[in-house]
Amino acid sequence: RQILDTGNVQLQSRELARWLENTVASYHTPRPVFATTYLDETLRISRDVDGHVFVYVKTSDDTTPTDYSPIDADLGVGRLLEGFNDAVTKFYL
């Protein structure tokens with residue numbers, strides 16, 4: 001996460017998609033379908049391409065972004081390594 005948070009590393013996904021479309025004849029960049037079926041001041045109901053329903057409720061009028069920088073990312077790497085250790089290396093302290 002520290003590498004990604006520096007701002008020096010970014011995945012240029014649109015450029016990658018353009019390159020893939022121009023290079024691989026069978027590749028087409030997926031276009032997600034996400035339709036809003038109801039919307040008012042406090043509620044939004046949407047559906048994705050698979051028909052899953054998402055209900056969003058406005059809980060505050062505060063528009064100040066939340067600063068998550070002091071919170072460590074949990075990418076599950078620790079548990080992944082523990083599982084690998086338990087299943088393969090079986091090294092315990």
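None of the values given here were measured: they were computed from a predicted structure. Here, residue 1 is the first one in the sequence, and each next residue gets the next number.
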Check whether L81 and V88 end up in the same hydrophobic cluster, where Ile, Leu, Val, Met, Phe, Trp and Tyr are linked by side-chain heavy atoms less than 4.5 Å apart.
no

Parallel, tilted or perpendicular: which describes the rings of F54 and H52, with under 30° parallel and over 60° perpendicular?
perpendicular

Given side chains that start at C-beta, do those of I45 and V53 come closer than 4.5 Å, heavy atoms only?
yes

Separation between OG1 of T42 and NZ of K58, rounded to the nearest 0.5 Å:
8.5 Å

side-chain hydrogen bond (donor to acceptor under 3.5 Å, both in side chains) partner of T29, chosen from R18, E21, R14:
E21

What distance do E41 atom CD and D61 atom CG have between them, rounded to the nearest 0.5 Å?
9.5 Å

Would you name the heavy atoms of Y27 and A17 that are closest together and state the gap between them?
CE2-O, 4.1 Å

